[in-house]
Amino acid sequence: MAKDRIVIIDGNSLVNRAFYALPPFVTKDGQYTNGIYGFVTMLLKVMEDYQPQYIGVAFDLKAPTFRHKEYGDYKAGRKKMPSELSQQIQPLKEVLDALNIFRIEAEGYEADDLIGTLAKHCEREGMEVLIVTGDKDALQLVSQQVKVLITRKGISSLDIYDDVKLMEDYEVTPLQFIDLKALMGDKSDNIPGVPGVGEKTAIKLLKQFGTTENLIQHTDEISAAKLKEKVEGNIENIILSKRLATIITDIPVEIKLDDLKKEEPNYDELLTLFRRFEFNSLISRFTKNEGAETDEGEGNTGLETVSSDQFYEIGSIEELKTFIKKVRESEYLAIKTVSEEKNITTDEIVAIAMAADANEVYYLDFRMMDDKSAVLQLLKEVLEDDETKIIGHDIKKELVHFAPHQIEIRNVSFDTFIGEYLIDPAKSSYNVKELGVVYLNKNIVDEEELLGKGKSRKTLKELEKEDLRKLLSQQVNVTFNLVPRIKEKLHELELEDLYYKVELPLTEVLASMEVAGIKVDQHMLKDLEIQFRDMVSQLTEDIYRLAGVEFNINSPKQLGEVLFDKLELPPIKKTKTGYSTNAEVLEKLREKHEIIPKILEYRTIAKLKSTYVDGLLGIINPVTERIHSSFNQTVTTTGRISSTEPNLQNIPVRLELGRQLRKVFVAKEGHKFIDADYSQIELRVLAHISGDENLLDAFEKGQDIHTRTASEIFGVEVHEVTSSMRSSAKAVNFGIVYGISDFGLGENLKISRAQAKKYIDRYLEKYSSVKAYMENIVQEGKHKGYVVTLLNRRRYLPELLSKNFNIRSFGERMAMNTPIQGSAADIIKIAMINVHRMLKEEGLKAKLILQVHDELIVETPLDEMEKVSQIIEMGMENAMKLKVQLKADLSQGDNWYEAK
DNA sequence: CGTAACTGCAA
DNA sequence: TATTGCAGTTACG
């Protein structure tokens, strides 16, 4: 049986942390609640993360303790708790009572002593003890079974200290931590220590003498004369300080563990309190519990903490050469780099970790190397060598980092990041640490934790030298060892073709697109900025005038109040937090008030300005005058690529005003864009997968697919199809691809559900094999637990087994849509590889620079236009052989607007 | 401060 | 109660 676990929380310390970490929240009655809120969220997180069987919260009481009696100045000069905080203590205790969490309090003892005593008691009972506090003093209680969790910046993350981590961070044992404080003193407790001795000196002394007692007896052995004098002059202080700093672990109190057993909260009381404090998010967390899964935390027991692998530092060219010899003897080289992240085309490398076998890691602090170009030259030989198989986790980064130094990693043989994505594309992250835990039972340093989050988040290069070395080395070590495990899994799931023939080669294409970037006309963008700014301010003025009040138009809440309360327009729809003010609603109100068209126009312009004009202006690379978006290969569940910073896959096109923006994306001097998009790729894929004769026939005859569908649905000849019939049919075709529902189609076409159902039934009657496909794929998904694309890309669909109708229906639509959307993604990925390879092989200068799901954009020198057009057309249309021909439409222009 | 909600842009 | 994404803004707790 697993060990029982107890969580002991330092109440005063934690509520303090919460109070200062959060901005003040005040309820309508003027009650401050940020400390309570922060405390409760931290508490809940710890309970969820660690699933303790026992839990208690310790508090200081007002009564003086033995420390005050012994040392009158104890904690003197400490500022009084502000009333905004002190008024939260009693309410917090009420919350704890409602949670049925025991409060540990005793007059004359500080929370620390209560915690210490309880911790040691539980340790003797063989329990695992977790102490949660914001105060480092508790570190003296650490042992093999006692861990201390200390809050970091903010309230969302905790540092876990066990004896190993304590030694790593402070180089002292838990007991020496007391001596450390005795020597350093502590301002906040007014513990004197030795004046002039700080952390550095104290650690040095403890390394030499072990304890303060030993130090006092052997002061003559202190080498520095000044220091010796200081220590000798403060012996009394040291002794007193140590006594004050020592947490008492044997308070004479009776401990009834039963009191500390975790119990169900008293929900009535709890919700009453939460309502009083206006903790609406917590209320919903505690009420919507029906049907929620009960997630038993499995805990981290049995995990090997990595610290024993062999890490070596490469500090000279000679050492690098020696390492390279090892590489030559090995089949694989795992690599991970960190760069300055200044500029994609002139970037400098900060550090490199490399592994040529499973146990050793070599780390090179690039900043410290004297002859950088010699280092790069040597690396180039290895990285461009066809014999050495390169391994990475997100190797696209390395491809990009080495590009400015004319190093092309030729032989990328494995990327664990992409491997795990194919194994399960639905995961929200694929970090090395987690993979290490799952596949290797190895636990390495947490990157997120090291970097922190939010505003104070660091970049990798800003880490302490030691932290960065450790992080990179461990990640590379784990990456190296992951390869056989992930390979095995890819084999098992028959993903090898997709992996080696598509995804891995694609990485290089994406890296090349990122490095190439796309040129933007800055002047045009700046002009647009001014133009839009004027329009927005004019519209704002009009809106204020028509509303008779100034308010924040961007706030749906305030806008709703103005429209529906003040102007008393009819609210059409509401959201879960208030009135809906979206474009669909406003359109219906357009004629009801002059203000509505102004607001719609404001929304349009404000969106274009903030997201596209300002957004793009802020991200232009000053050196290249281009935009270098990131193309991510592991984000979507269907296999599509995604684009960020900026997202270049959602630049406006449907409305003319927005479409104008495409004019700012220009081909460079002497070049043009060739824009090629697949014609109806998803419906062609559907025709192929379903084998539907009717649909295949439509494509074979080269008919307009929506017109053909309209003629089928409405039972008229093709030449009799009106434009409104065609656009309805188009919506039906969309619906089919998305996994149709009568409700959804009705909503989209603004027709009744019954009418929508008629369209769908009629469609499925005419395209009977499509109907069969839809039914079969859902059955298959239920049976196997997943569906696949043409290239066997897999997506698991647990939703199909849900008892909840909505969730199950969602699963069914995903089952229908994923093979279609995903196979189209498979196809264009092959096309990208084809185009990229052919351009390279033919020695052409044209470069693939963008992909927008069914569209490729190639920046092409004028004298290559014809040849490149042919390559693109071939590359796309021959990407895969289907029952129906793939078709690509090409056009060209000086900018993206013209080329579309 | 960290996150959720709303809105709107693309294929 | 139509698929897949990203981002700007506001508001909550």
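Below, chain A is the first sequence line, B the second, and so on; all start at residue 1.
In this structure, A/Gly739 reaches neither bases nor backbone, as no heavy-atom distance under 4.0 Å exists between it and the strands shown. Note on A/Ala731: a base of the nucleic acid sits closer than 4.0 angstrom, heavy atoms only. Nucleic acid contact for A/Glu682: none, since no nucleic acid atom lies under 4.0 Å from a heavy atom of the residue. Among the atoms of the strands shown, base atoms are found under 4.0 Å from some heavy atom of A/Phe25. Across all strands shown, A/Met816 has no heavy atoms under 4.0 Å from either base or sugar-phosphate atoms. Here A/Asp614 lies out of heavy-atom contact (under 4.0 Å) with every strand. Residue A/Phe277 is classed as having no contact, given no heavy-atom separation below 4.0 Å to the nucleic acid. Within the 4.0 angstrom heavy-atom criterion, no nucleotide atom of any strand lies near A/Asp742.
Out of C/dT9, C/dT3, C/dA7, the shortest distance to the side chain of A/Asn817 is found at C/dT3. Checking C/dG13, C/dA2, C/dT9 against every side-chain atom of A/Ser610, the shortest atom distance belongs to C/dT9. Nearest nucleotide to the A/Leu745 side chain, out of B/dC1, C/dA2, C/dT4: C/dA2.
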Can you give one letter per nucleotide of nucleotides 4-11 of chain B, going 5' to 3': B for a protein heavy atom under 4.0 Å from the base, S for sugar-phosphate only, - for none? -SSSBBSB
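C/dA2 and B/dA4: their C1' atoms are spaced 23 Å apart (whole Å).
The side chain of A/Arg795 places an N or O atom within less than 4.0 Å of a non-bridging phosphate oxygen (OP1 or OP2) of C/dT4. For A/Thr637 and C/dG5, the shortest distance from a side-chain N or O to OP1 or OP2 is below 4.0 Å. Taking 4.0 angstrom as the limit, A/Asn748 places none of its side-chain polar atoms (N or O) nearer than this to OP1 or OP2 of C/dA2.
In this view, A/Lys557 and A/Ser555, A/Glu561 satisfy the side chain to side chain contact (heavy atoms under 4.5 Å, CB included) rule, not counting sequence neighbours. Under the side chain to side chain contact (heavy atoms under 4.5 Å, CB included) criterion, A/Glu278 pairs with A/Thr27, A/Lys28, not counting sequence neighbours. Here A/Lys782 pairs with A/Glu812 under the salt bridge (Lys or Arg N to Asp or Glu O under 4.0 Å) rule; sequence neighbours left out. A/Arg640 pairs by the salt bridge (Lys or Arg N to Asp or Glu O under 4.0 Å) definition with A/Glu682, not counting sequence neighbours. Legend: residues meeting ring-ring contact (aromatic ring centres under 6.0 Å, His included) with A/Tyr579, ordered by chain and number and at least two apart, are A/Phe564.
If you take CD1 of A/Ile736 and P of C/dT3, they are 14 Å apart, rounded to a whole angstrom. The interatomic distance linking A/Leu683 (CG) with C/dT3 (P) rounds to 17 Å, in whole Å.
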Steps toward side-chain hydrogen bond (donor to acceptor under 3.5 Å, both in side chains) verdict (A/Asn34, A/Gln88): CA-CA 8 Å; A/Asn34 57 340; A/Gln88 297 187 52; 2.9 Å; yes
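Looking at every heavy atom in both residues, A/Leu683 comes nearest to A/Leu695 through O-CD2, 4.0 Å.
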